[in-house]
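Working notes, structure below.
Small disclaimer: the values here were computed from a predicted structure and weren't measured. Letters A, B, ... mirror the listed sequences (proteins, then strands); counts begin at 1. Quick note: numbers below take in every heavy atom, side chains included, and nothing from hydrogens, waters or symmetry partners.
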Amino acid sequence: MPELPEAETIARELDRQVVGCVISSVRVLRRDVVHGDPRPIGRVVTGRHIRRVYRRAKRVIVAFDPPIEIVFHLGMSGRLSVEPSRVLAAKHTHLRLALDDDEVREIRFCDPRRFGGVWVLAGGTRQVGRKLGPLGPEPLQLTSKDFANILDRNRQVKALLLDQGAIAGIGNIYCDEALFRAGVHPLTSAADLSLRQRGVLLHSIKTVLRAAIKHRGSTISDYRQVDGVAGSFQHSNRVYGREGTACVECSAEIIRLVAAGRSTFVCAVCQPQQSM
DNA sequence: CGCATTTCCTGGAGGC
DNA sequence: TGCCTCCAGGAAATGC
């Protein structure tokens, strides 16, 4: 499930492969996957060249010249790939952007579960569209002071970390991994965390995200890099998906519970419940 | 306000 | 082998 490190990996690789390319044609295979600008996406981007590809939160953004942006939200099964146009497109490919280059490649957006989507944002107009809600700050750029303020709410810390409007880019996997490394129980009220604990938690979040980017993301089921290769950070997970196994720190059994409606993995010894 | 539940969707896993 | 049910989850909507 693509979170910040997966989106970052895809954005970097896409940028490397397609920056400067011109869109020669567009094929929309599922109309309801494309949102934003009401004009047909083909009319909007054909003939424009790709200025850069970057990431914001869990989104991969292709920026064009003249200025127009296509925002890809990968949901949980979304994939972006660059393939030769002659290669048969995978099932559930919803959008194909042909590149006017020698190899005749195209950018493909494939999303079987369709929790993701594509937003076309016309130049200047920052109307993000109803479905793309407000985003909190990037965790990797957050100061401990700002983070401490974000946590100053009577809310389960896990629910808060997953709230994209509070902090952008953290999903279920890295949330659990960061909480474990910080020794914080996911059901703790954020407001009950000491300043020191908040500092440790931010540090853990940054450490986990940076390490995951280095490993090019976690491939649990669907996620793949632009070239189809899996990421490898799933092998570094200490709690996520490890129910019933021994904690790497203390050998206690990792347990699964539900927090914020999601599967949540904790070591009850390393992450004690705080009394409130 | 906060939190749980439901909804969307497909494919993979497990039961029988 | 095949059919059924359940489960995964990002984010928004709804209900308590």
With a 4.5 Å limit on heavy-atom distance, are the side chains of [X] and [Y] in contact?
| X | Y | answer |
| --- | --- | --- |
| N172(A) | R262(A) | yes |
| V26(A) | V44(A) | no |
| H92(A) | R114(A) | no |
| C267(A) | C250(A) | yes |

Hphob cluster co-occupancy, L162(A) + L187(A), side-chain heavy atoms under 4.5 angstrom:
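No; tracing contacts between hydrophobic side chains, which count when under 4.5 Å, never links both residues.
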
Shared ILVMFWY cluster between I170(A) and L142(A), side chains joined below 4.5 angstrom?
yes

Gap between atoms [atom1] and [atom2], on [X] and [N] respectively (whole Å):
| X | N | atom1 | atom2 | result |
| --- | --- | --- | --- | --- |
| L162(A) | dG2(B) | CG | P | 15 Å |
| N172(A) | dA8(C) | CG | P | 10 Å |
| L74(A) | dG10(C) | CG | P | 12 Å |
| Y174(A) | dG10(C) | OH | C1' | 15 Å |
| K58(A) | dG10(C) | NZ | P | 5 Å |
| K158(A) | dA11(C) | NZ | P | 13 Å |
| I173(A) | dG9(C) | CD1 | P | 8 Å |
| F72(A) | dG10(C) | CZ | C1' | 18 Å |

Using a 4.0 Å heavy-atom cut-off across all strands, classify [X] as base, sugar-phosphate, or nothing.
| X | result |
| --- | --- |
| Y240(A) | sugar-phosphate |
| R79(A) | nothing |
| S263(A) | sugar-phosphate |

Cation-pi, F115(A) ring and R113(A) (6.0 angstrom, 45 degrees):
no

Please determine, by modelled atom types, if T9(A) and R216(A) share a side-chain donor-acceptor pair under 3.5 angstrom.
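No - no donor-acceptor pair under 3.5 Å links their side chains.
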
No-hydrogen, no-angle side-chain donor-acceptor test under 3.5 Å, Y54(A) and E69(A):
yes

Sort me out a list of protein N/O and nucleotides 14-16 of chain C N/O pairs below 3.5 Å, or just none if empty.
none

N/O donor-acceptor pair under 3.5 Å between E8(A) side chain and L4(A) backbone
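Answer holds: no.
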
Within 6.0 Å of NE2 in H203(A), more than 12 heavy atoms from elsewhere
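For H203(A), atom NE2 is not crowded (no more than 12 foreign heavy atoms under 6.0 Å).
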
Could you list the protein-to-nucleotides 3-7 of chain B atom pairs, N/O on both sides, closer than 3.5 Å?
residue	atom	partner	partner atom	Å
dC3(B)	OP1	Q156(A)	N	3.4
dC3(B)	OP2	Q156(A)	N	3.2

What residue pairs, at least two apart or across chains, pass ring pair (Phe, Tyr, Trp, His ring centres under 6.0 Å) with a residue in residues 249-271 of chain A?
Y240(A)-F265(A)

Can you give the dot-bracket line for DNA chain B, where a pair is Watson-Crick or G-U wobble with both atom distances under 3.5 Å, crossing pairs use [ ], and | marks a partner on another strand?
.|||||||||||||||

With sugar-phosphate taken as primed atoms, P, OP1 and OP2 and all else as base, the protein-contact string of nucleotides 8-15 of chain B at under 4.0 Å (heavy atoms; B, S, -) is BBBS----

Look at the side-chain N and O atoms of H73(A) and state whether any lies under 4.0 Å from the OP1 or OP2 oxygen of dA11(C).
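Checking H73(A) against dA11(C): at least one side-chain N or O falls below 4.0 Å of OP1 or OP2.
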
For R210(A), check side chain to side chain donor-acceptor pair (under 3.5 Å) against everything at least two apart and list the hits.
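In terms of side chain to side chain donor-acceptor pair (under 3.5 Å), with neighbours along the sequence ignored, R210(A) is linked to no residue.
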
Should the pair R108(A)-E83(A) be classified as a salt bridge under the 4.0 Å nitrogen-to-oxygen rule?
yes

